[in-house]
Structures are given as C-alpha cells and as structure tokens.
Amino acid sequence: MKSILPIIVVFGFGFFMLVSFFIPLKGIQDTSQTFQNWYIGVMAFFIFIGIFNIIKINLEKIQRRLRDWQYSIILLICLLVMMAAGFIGGPEGGLFLYFYKNVQIPLGATMFSLLAFFVASAAFRAFRARSPEATLLLIAAVLVMIGRVPIGYWIWHGFPNLVEWIMTVPNTAAKRGILFGIDLGMISMGLRVLLGIERSYMGGGKE
Amino acid sequence: MFLILLILVQGISLDVYDTPNDDGSSITLSWSSDTLISSYQILRSIFPEHDFKEIARVESGKTTYVDTAVKAGTKYYYRIKGAGLDTVFFSNTAGPVRPIAQIFNLGRLNIAVCMIILFAVILFYISRARKGEKLYIRKIPALTAVEEAIGRATEMGKPVLFVPGIMDIDNPQTIAAMSILARVAEKTAEYGTPLYVPTSKAMAMSMAQQVVKESATKVGRPDWFNADNIRYLTDDQFGYVSAVDGMMVREKPATNLYLGCFYAESLILAETGHYTGAIQIAGTAMPDQLPFFVAACDYTLLGEELYAASAYLSQEPIQIGSLKGQDFGKLIFILVIVIGVITRLLGNQYFYNLFKTTR
Amino acid sequence: MEVLGVWIASLLTLAIYSFLYKDNPFYKVAEHIFVGISAGYWAVILWFDFAWPNLFEPLIVKGNMVYLIPIIIGLLMFAPFIPKLSWLVRIPLTFTMGISMALFITQIIQGDILPQLQATFLPLAGIHPFKVFSNLLIIAGVVFTLIYFYFSKEHKGTLGFAAKVGIWFMMVSFGASFGYTVMARISLLIGRVYFLLHNWLGII
Amino acid sequence: MGQVNNILARLSALDRRIIFLLVAVAVIVPLLIPIGLPVDITKPVKNIYDKVESLPEGSVVVVSIDYDPGSEAELYPATEAFLEHCFRKNLRIFMLALWPAGTPLGNMALENIGAHYNKKYGVDYINVGYKPGGPVMLLSLGKNVGDMVKTDYAGVPIDSLPLGKEVKSARDMALVMSLSAGDPGVLHWIIYFHARFGIPVCAATTAIMAPQQYPYLASGQLVGLMGGLKGAAEYETLVKRRGRALAGMDSQSIVHALLVLFIILGNVILVYQRSKR
C-alpha cells in the first residue's frame, strides 16, 4: 500500500494528462482541466506547510535555547504581527501595506543589491584569464559590459550593434544547444517519474 | 437597390469553417474587408436565408472570431454586419458549417511523434542498462573533485555544506541533486564529518532528511544522522540566501557543494564561500547562473553534466540508461538540424513545416 | 507616519549593508525581520488571493463538495507530523508530480524543442553574405554545443575538436551572461542608493 | 622593479571592503552629478514598443508581475514605462502575479500611471492578484479564466467588474507582458501559454535572465524583450518619460567602466605573478 498507491497515483494522473493533450473530446478536456485546478489547490498547501515549518522550527529553537534563539523570537513576532495586520485589516489594510512598503520592499531589494559588491570583488579576484576558454569568456564579458550601457555607445556608435550580434549569434547558438540538452534531460526525468522508476522525490525510493 | 446589392457582396468577404482539432465545440470565422469599418456585428442562423441573430460584437481591426456557443453536429450559417462611416456593410452568407468532434488532435501529431521517439529511445537504453549491460559514460572531471573535497573537510575537522538549490522537489534538478546528496551523505557519514543541508522548500527538507538518513544507515552509521543539520530556512529567496550566508560565516564549512537549481543567489553564495576559504563545487542546469559558478568556484558541472554526474556517481542502471537515451536524442537532434538546413537550402519547405506547433 | 516609514526602510537598508563589513547583530535582526515579515505576508496573500476565493469559499459558502478533494490531498502534506501516517505525504507529492511532469513533457516539446529546432533550420542562400556567415555560426554553435554534452564517447580526435569548439561558443555566451548579470547587480544597487539619496536624505 | 612587485602584491591582497567602497562611490557620484550620456535603442526593446503601437484601442493586455521586491529596482521602472505606453494607447490592463509579493508592486504602478491618464479601476484595468501553481495555472487560465480567477486582489467578485466579466479565456487577450525575475515567469508564459494558446508574449526581465531569452527572440516565440534597467531606460526614452531607469544610467556606465578596470587589473597581476615564477 505504502509504495503501490503512490505509484498508481503518479502513473494514473500523469498518463491521463499526457494522453488528454492529444484528445480534444469534451469529457476528457473537462476532466483534465479539473485535475489541473486541483493541482493548483494542492500547491497552495505547499506554501502553507512552508510557513507552518518556519513556526515549528523557530519555536523549537527557542525552546531548546539553540544558538541565536533570541532572533527567532523577533522572527516569530514579525510573522505574527504581519499575519495579524493582514487577517484583521485585509490585504488592503493600511498597516499590512505599510509593513510591506517600509519593511519588506527595502529589505528584499537591499538583500539583492549586496550582489553588486560581491560581483565587483569576484571581478577583481576570481575572474581570471587562466586558459584560452576563460580568456574568451572574459573578452565577451568586457565587450558586453561596456557595449550594453550608454558609455559604450558614447565611445563608439557601433558598439551596441556588435553586442547585439554577440547576443543573437554565438550566445543564441550556445544557449540553444544547452537548452536542447536540458530539455532532453527533463523529458527523461519526467518519463521515469511517471513510470514510477524514479522515486527519489518521494524520499529514498525504497520502503 | 443595385448599389446596395453591390455593397452586400463586396463590403466584407466572410469565410467560416469548423475549428480543426477540437471537440466540436467551436466554429472559426475569418473575414477581410477593404473598407473602413468601426465595428462588426456577427450574426448566426440555422437557416440559410432568415432568422439571423446577433451573437457577438467585435471591434475594428479584428478579422477572426471563434464562436464557442455551438452544438456539435448542427448546421450553422453566418453573416457579418459592419458599421462603416455612414453606411452599413454586409458580408456574404457563409455556410453551412457543421462542428464535428475530433478524437485525435492531428495538429499535435508532430508532438506525439517526437514524444514517442524520445520515450522509445530512453526506455530502450534503460531496459538495456537494467539487464546488466555495461554502458560507457565518459568521466566527468568535477566529480573526482567532490570526493577529494569531502576528504579535505574531514582532515580539517570542518563540516561540509550541501545546498540543493532553491526550487521544490517538482524540479528535476533538485531531484538530481538529491541523488548526488545520497552519495555525499554516504561519504560524510563514513568519515563522521558533519553535513549541513539547508533547504528553501519544506518538501525539499523532508526529502533531504530521508535521503541522508538512508545513506547513513546504508554505511552503518545511523547514529551519525542528525535531523537538525538538515533544515528548512525559508521559502523567500533572499531570506534563504542571507541565512545560508550567515551559516557559512558562522560554521565555516571547508567544502561547499551547490548542486541543483539556482537563481540570483548563485554568486552571493559562491562569493561568500570564496571569502570563507572553502573549496567549492557547483553544478546547475540553469544557464543564467553557470558563468558565476565558473568564475567563482573550483569546479563546475555545466548544465546537463549535473544529471550525468548523478548517473555516474550512483552507477544506477536507470540513470545511466536514461543518460544514454538522451545522448541518442542529441544525435537525432543533430541529424534533424542537418536535414532541416539542407532541405531548406534546396528550397524544400516540407520538412521545415513539419515542426510547426502553432496554427 | 510616512516619514517614520522612510526612516524604518532606510535604517533596515543600512543594517543589511552592514553585512559587507562583517556578519553582525544588526544584519541578523534585519535578516530575521525579513523572514518573519515575508512569511506572514505570504500567508495573508495566499489566503486572500487564492485559498479563500478558490478553495474554501466554494466549499463553505456555496457547499460545493468537489473542493474537498484538493483540500484533503493538500492537508495530507501535514501527515509527516503524525509519524504513523507520515507515508501519506506521498499522495500529494505523487499527485502534483504526475500532473506537472506530464504537462511539462508535452509543453516542452510543443513550446521548446520543435520551435527551437525549426528556428535552427536557417536559410543559407539568397541573403547577405554576412547573414549567411552568422547563420552558419548559429547552426555550428548549436551542433557543437550538443556534441560537448554527448557523454557516450570520450572526447578525442574530431569529436574532441568539435566539443572544444562547443566550449568556445559556451564561453562566449557565459561571458555575455556575466556581463548582463553585472548590469543587473549594479542596477539593484543604484535602486537602493537612489532611494537613500532621494526618499530619505532628499538630496536628489 | 621591487617597487612594482610590492604594489602588485599589495593590490592582490587588497581587502575587498576597499573594492566595496569604490563601487559605492562610483554609484553615488554620478547620481549627484549627472553626465547625461545618450541612450541607444536596441531592437528587442523597439519590438515591444512597435507591438504595443500596433494593437487596436481597447485591446486587453495581460501584465504579469512575476517579480518581488528583490528585483523592484530593475523591473518596477519597466512596469511603469510599459503601463504608461498602454494607457496612453487606451489599451486595457489585466494584471496578475505569479509571485506572491508582486501584487502590491503592480498596484502601485497601476495607481500611479492610471491616475495620470484618468483610468478607472474595473473598466480600464484590473488586478486579480497572486495565483499559485505556476505553469499549470497558466494552462487553466488560458482555457477558462473563471476557473482561476473568482475575485480580484481585494476580494471583489470578478463578475462585478466590467473588464473582469469580459476576459473569459486566452482568446480575449491581445498580448502578454511578463515582468519576470525567475521561475515561474517568462519561460512558462512562452512554453506553456504561448505554445498552447498562441497569444504573443513579450517580456521585461532582470538583466541576468536576458541572454537566456535570445533563442526565443530568434524563433519569434518572444516578441520583444526589455533586459534589465537598461531595457527600461530604452523604453522610457521611447515613451518619452524621464523615470528612475534613465536617472540611473550614468551610474551604470561608470560602475561598468570601473569593473572592467578591476578585471584588467586583476589579470595584470596574474600575468605579472606568472612571469615572476
């Protein structure tokens, strides 16, 4: 039961969806649409369980006085405050949007912008022409970095066209080749999942 | 009278047909007009001469309409009334047309053929591998490095950090990462080296826990397994990356493995790891992220090499079989490209048109 | 209230930047505030934008029992918290995997493989010689990149050379990606600096 | 010789915080003292502009907010510039978000630009908020909008809004604009939505994702592309709007020049150290 039922579920729903792609009959199409809608409903729970886990992990951290447990209190308070603001005032509530605008936006945006600094130090310390291949990478990178911003156009008016050529010719070719490889890999993975050969996503795959 | 008749015929020319490859629930109308028309009224009847009723209004600029309020098997006639500047234009009466339900969508035949060929090739090689046939796979240099790097962490008495990407377990890269994690967990359990696996998805956490637990049991070290080392941090990308960063700075792992599906966090992880002096091995099939891994890590599995690595490490017949199947798929793709280019060069469009997927 | 908000936002921004100096309590506080606020936000938005109107309202208010199915499957996600029933978590996992993988396979053929193959059948005659050259490069680049990812033979001789050329194409494209990413990162920093100078300090 | 050696050795051991400081200066100074370098227009951006120009008045454009505050700096200016163009052309906007934290960002842009053009919520534009399920959701949405969208973001039943009543399926949509910072996003709009329903898709992506979109531009599956802040600056130039993207372009240029300098310097050190050995 524990291993057969999941295989039946994955095979049954999977192959129905595969076949329904090719059969335009109304009953089949409606059923497939219903399954899709269920899927989206279930996916919502994936997020709920994520939030549930955050609460659980941080409660445990506080209970067992693990390292930095004090911060977990801050985290949980923020979570509760945000949820209270949202569920009492609604997603249009002033306080909820106030926190979104003045806490979530600046923190999210700043976190990402830290990368500007890391990219700079990587450029200085890690980005080296150690081999012919790396040299090629380097030259392309420098051309794109200069030619794609206004300073490149200012230096030489043909710069943007040169960069566009790099993007549409060698870049497109390599990206497409890589894409084909990835697509094949994903199809083979999908097939194994549907056939129940690949079970690692269920955890281990053995009973 | 004569004038009106002329307009009636020449104003709008209408063509209707049963929408191909559907369940018989729609009829497609397409029309053309060389006069200025501000809006169209679409009229329908089940009689050729009378009883035409408006079913829809369409603004100018549009030249097609799909009528979905039809019954399969019934005959329909259509007319269009177009409002011009000060005249009303009529189209010819088009029809009869009868929507019919199709059992197989012929417009998707090429997709079916492609799918069947790829499935067949992959299954063929999997079955060969399962029968115990030894299938050759070239060595992937970055892999030897993984084992060395784990050894190095052990010597230094420091933990190993394994980041399985930030996507959920419905992402194949995460799954490939998990089979590499199984091998990494075996090695670390054997050496008794701590292994941290922070995840960004709750399901990825439970999966990683099961995988690591099983590996530990497999090498006879169930006591080594510590569920607390495999933690779900947060779904939020930046919350996650900053937490992992904090972890690197605090725990100073000697070996960082980034295998799976990565987005913008790739560089921030690799750069912080570089800063803490760890040996770093990365692998992802995300083309956007490869350059940073190449730039800042010691070894990188490029794209599909991630899947190849998982097959190579496990020596599992299924994985090796699929890899060989995919290799064959690549040969087919190359062949198809060559044929496509040549036929087009010879002025033949037939082969080119076989690959059309949208009407 | 508005002014206070800008101050909160600015101070939190600076707290994150303090990580550049080194990991410190300010950064950690900001980090945990962020995780807490985001998680709370997700819960609220998910409920109001989707879970209530699309799942619970039809069930509770309109009494449409069909909606019980996705809810029950979804609730099985919590099965691991009851050790005896933990295997039931496989039902939502296999259900979502089955559907997403099947759709994925057909869509990747319809939306990726066939159109991208077709787009590689490029014309080589009757166009400007430079365009012919470019098209040839694209075709060669795709083929040689595919050869690099051919794992069934050791890369020696002609095959080795082809794989090598494939690597060159990839390196150029990686270089392009690197350049673009640098651009992305800098833009984000500009965005924050603009906020600090404009909204907070009011200098620009 | 010894002196050169000394300098290079020191440089190679340079504390990265000094690099950080230089980057900060290179961003701040051009913002305070603008140079006003001219912005060139690239073809993929022009393609979006032309596509929007070609749409008849009243067409429904789907704007998908597939980013969150993390990419606000790059994609929010693009959102505003694109909406400005649509509203000016009297197109109607059907907005949704594939990322949970995208909804309020989309609303901000709609309200800012909509107010300027006297557009009315519910008639000229709607926002149906976040929808989970990514690619699978797109297939459901294209087939029957009502399955996925029962209310708008504020909980108002969708049938009570004139525009909401009108958009029933992909057939009622003229163009999709995905403002995308990752998955789910533009890729899914292309290989799921466009492939199934044939609705043209254009995108504004973070610069990091832009190179990956070129195969789709080449195949015509993607109509046009705004890559990063530069793409947004180009669009601002096209729609004659002086926004945040254009304001940031000088800093962008200067930092790029600085980084190229870093790369060259780093490699000079490498070559020098190699020749010493």
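Residue numbers start from 1 in every chain, and the chains themselves are labelled A, B, ... in the order their sequence lines are given, proteins ahead of strands. Reckoned from all heavy atoms, side chains included, excluding hydrogens, waters and symmetry mates.
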- [ ] Write down the atom of D:Leu229, the atom of D:Ala73, and the distance for their closest heavy-atom approach.
- [x] CD1-O, 3.5 Å
Open item on the list: Is there a side chain to side chain donor-acceptor pair (under 3.5 Å) between A:Gln29 and D:Lys143? Walk through the geometry before answering.
Closed with: CA-CA 10 Å; A:Gln29 286 307 313; D:Lys143 203 158 185 197; 2.8 Å; yes
TODO: Apply side chain to side chain donor-acceptor pair (under 3.5 Å) to the pair D:Tyr121 and D:Asp152, showing each step before the final yes or no.
DONE: CA-CA 11 Å; D:Tyr121 185 84; D:Asp152 75 349; 2.6 Å; yes
Task: Test side chain to side chain contact (heavy atoms under 4.5 Å, CB included) applied to D:Leu141 and D:Val128, D:Asp147, D:Val149, D:Val136, the passing residue - done: D:Val149
Task: When A:Thr34, A:Ile178, A:Asn171, A:Val42 are compared by non-hydrogen pairs under 4.5 Å with chain D, the top option - done: A:Asn171
- [ ] Under 4.5 Å, counting heavy-atom pairs only, tell me which of D:Ala257, D:Pro100, D:Pro211, D:Ser219 racks up the most with chain A.
- [x] D:Pro211
Open item on the list: For the residue pair D:Asp66 / D:Ser180, report whether a side-chain donor-acceptor contact shorter than 3.5 Å exists.
Closed with: no
Task: Residues from residues 76-93 of chain A approaching chain D under 4.5 Å (heavy atoms) - done: A:Pro91, A:Glu92
Task: Max heavy-atom pair count under 4.5 Å with chain A, selected residue of D:Ile263, D:Val39, D:Leu265, D:Leu259 - done: D:Ile263
Task: Residue among D:Pro104, D:Ala154, D:Ala24 with most heavy-atom pairs under 4.5 Å to chain A - done: D:Pro104
Open item on the list: Heavy-atom count check: over 12 atoms from other residues, nucleotides or ligands less than 6.0 Å from D:Lys168 NZ?
Closed with: yes
Task: Side chain, backbone, both or neither of D:Tyr76 within contact of chain A (heavy atoms, under 4.5 Å) - done: neither
Task: Between A:Val163, A:Leu179, A:Asn161, the one whose heavy-atom pairs under 4.5 Å with chain D are most numerous - done: A:Leu179
TODO: Give the intermediate values and the outcome of salt bridge (charged side-chain N to carboxylate O under 4.0 Å, His left out) for residues D:Asp40 and D:Lys230.
DONE: CA-CA 9 Å; D:Asp40 58 289; D:Lys230 169 71 185 335; 3.4 Å; yes
Open item on the list: Under 3.5 Å, is there a donor on one side chain and an acceptor on the other for D:Glu80 and D:Tyr235?
Closed with: no
TODO: Report the option among D:Gln252, D:Gln212, D:Lys43 that has the most heavy-atom pairs separated by less than 4.5 Å from atoms of chain A.
DONE: D:Gln212
TODO: Work out which heavy atom in D:Pro30 is nearest to a heavy atom in D:Val25; give both atom names and the distance.
DONE: CD-O, 4.1 Å
TODO: Name the region of D:Ser140, side chain, backbone, both or neither, that has any atom closer than 4.5 Å to a heavy atom of chain A.
DONE: both
TODO: Could you look at D:Asn107 and say if it's the side chain, the backbone, both or neither that has a heavy atom under 4.5 Å from chain A?
DONE: side chain
Task: Region of D:Ala101 that comes under 4.5 Å of a non-hydrogen atom in chain A - done: both
- [ ] Name the region of D:Ile264, side chain, backbone, both or neither, that has any atom closer than 4.5 Å to a heavy atom of chain A.
- [x] neither
- [ ] Answer with side chain, backbone, both or neither: which region of A:Val119 has an atom nearer than 4.5 Å to a non-hydrogen atom of chain D?
- [x] side chain
Open item on the list: Please classify the contact of A:Leu138 with chain D as side chain, backbone, both or neither, using a heavy-atom distance under 4.5 Å.
Closed with: side chain
TODO: Heavy-atom distances under 4.5 Å only: say whether A:Leu97 touches chain D with side chain, backbone, both or neither.
DONE: side chain
Open item on the list: Tell me if the CH2 atom of A:Trp165 is crowded by more than 12 foreign heavy atoms within 6.0 Å.
Closed with: yes
- [ ] Heavy atoms only, distances under 4.5 angstrom: which of A:Met43, A:Lys101, A:His157, A:Arg176 has the most pairs with chain D? Name it, please.
- [x] A:Arg176
- [ ] Could you tell me which portion of D:Tyr153 (side chain, backbone, both or neither) has an atom closer than 4.5 angstrom to a non-hydrogen atom of chain A?
- [x] both
TODO: Test side chain to side chain contact (heavy atoms under 4.5 Å, CB included) on D:Leu96 and D:Tyr130 and set out the steps.
DONE: CA-CA 6 Å; D:Leu96 77 159; D:Tyr130 166 64; over 6 Å; no
- [ ] Walk me through it: do D:Arg244 and D:Glu74 pass the test salt bridge (charged side-chain N to carboxylate O under 4.0 Å, His left out)?
- [x] CA-CA 9 Å; D:Arg244 234 167 65 189; D:Glu74 275 187 284; over 6 Å; no
Open item on the list: Looking only at the aromatic ring of each residue, does the gap between the centers of D:Phe20 and A:Phe117 stay below 6.0 angstrom?
Closed with: yes
Open item on the list: Go through it in stages, so that I can follow the logic: the residues are A:Ile155 and A:Ile146, the test is side chain to side chain contact (heavy atoms under 4.5 Å, CB included), and I'd like the CA-CA distance, side-chain angles, deciding distance and then a yes or no.
Closed with: CA-CA 9 Å; A:Ile155 293 171; A:Ile146 293 297; 4.1 Å; yes
